[in-house]
Amino acid sequence: QVQLVESGGGSVQAGGSLRLSCAASGDTSLRRCMGWFRQAPGKERAAVAAIYTGGTTSIYYADSVKGRFTVSRDNARNTLYLQMNSLKPEDTAMYYCASSPRSFCGSWSETEMYNYWGQGTQVTVSS
């Protein structure tokens with residue numbers, strides 16, 4: 001069992017920044033691939049970013065956030081981060097972190113890759 005708890009969401013104006021955190025607990029060993037997803041009202045859950053740490057580190061981003069968002073991970077603290085800069089109104093959504101049991105992040109943007117999800121944290125960007 002893995003528990004994931006997101007925090008750091010809030011309301012900001014366009015151009016602002018937020019840093020989301022996802023604290024993991026439970027059986028976090030070998031959880032090398034973790035991701036961030038978001039879901040806006042009336043839309044499907046969409047991948048934002050993912051990070052693989054296992055000897056080497058690989059990072060993946062959706063095209064819509066490249067250059068603005070940065071995903072990182074502190075394995076010692078079992079915490080995943082998402083630094084979001086230059087926020088836009090279209091970034092408004094509920095943001096979820098997710099943990100994958102797989103030993104790779106090859107299909108990182110697919111929700112089926114992940115079997116544990118947090119409860120989400122709301123991000124609202126006003127124009």
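Numbers here are sequence positions counted from 1.
- The distance from atom OG of Ser100 to atom CG of Asn115, rounded to the nearest 0.5 Å, is 6.5 Å.
- Between the side chain of Glu6 and the backbone N or O of Gln119, at least one donor-acceptor pair lies under 3.5 Å.
- Summarising the geometry, atom OG belonging to Ser86 is positioned 7.0 Å from atom CZ belonging to Arg68; distances are rounded to the nearest 0.5 Å.
- Between atom OG of residue Ser127 and atom CD of residue Gln13 there is a gap of 9.0 Å, rounded to the nearest 0.5 Å.
- Across Pro89 and Ser126, no two heavy atoms sit closer than the pair CG-C, 4.4 Å.
- Annotation: side chain to side chain donor-acceptor pair (under 3.5 Å) contacts of Ser17 (sequence neighbours excluded): Asn85.
- Considering all non-hydrogen atoms of both residues, Thr79 and Ser21 come closest at CG2-CB, 4.3 Å.
- Scored by the side chain to side chain donor-acceptor pair (under 3.5 Å) test, Lys43 finds no partners at all (sequence neighbours excluded).
- Close placement of the Tyr114 and Phe37 rings is indicated, their centers lying within 6.0 Å of each other.
- At least one cation-pi condition fails for Arg73 and Tyr81: the charged atom is not both under 6.0 angstrom from the six-membered ring centre and inside a 45 degree cone around its axis.
- Under the 6.0 Å distance and 45° angle rule, Arg102 does not count as a cation-pi partner of Trp108.
- Using a distance-only test at 3.5 Å, with no hydrogens or angles considered, a donor-acceptor pair links the side chain of Asp74 to the main chain of Arg77.
- Across all non-hydrogen atoms, the minimal contact from Gly120 to Met94 is C-SD, 3.7 Å.
- A salt bridge links Asp63 with Lys66: the distance from a Lys NZ or Arg NE/NH1/NH2 to an Asp or Glu carboxylate oxygen falls below 4.0 Å.
- Considering all non-hydrogen atoms of both residues, Tyr60 and Ser58 come closest at OH-CB, 3.5 Å.
- Rounded to the nearest 0.5 Å, atoms CE (Met113) and SG (Cys33) are 4.0 Å apart.
- The hydrophobic cluster containing Val12, built from Ile/Leu/Val/Met/Phe/Trp/Tyr side-chain heavy atoms closer than 4.5 Å, also comprises Val2, Leu4, Leu18, Leu20, Met34, Trp36, Val48, Ile51, Ile59, Tyr61, Val65, Phe69, Val71, Leu80, Leu82, Met84, Leu87, Tyr95, Tyr116, Val123, Val125.
- For the pair Arg38 and Tyr96, the cation-pi criterion (under 6.0 Å, within 45° of the ring axis) is not fulfilled.
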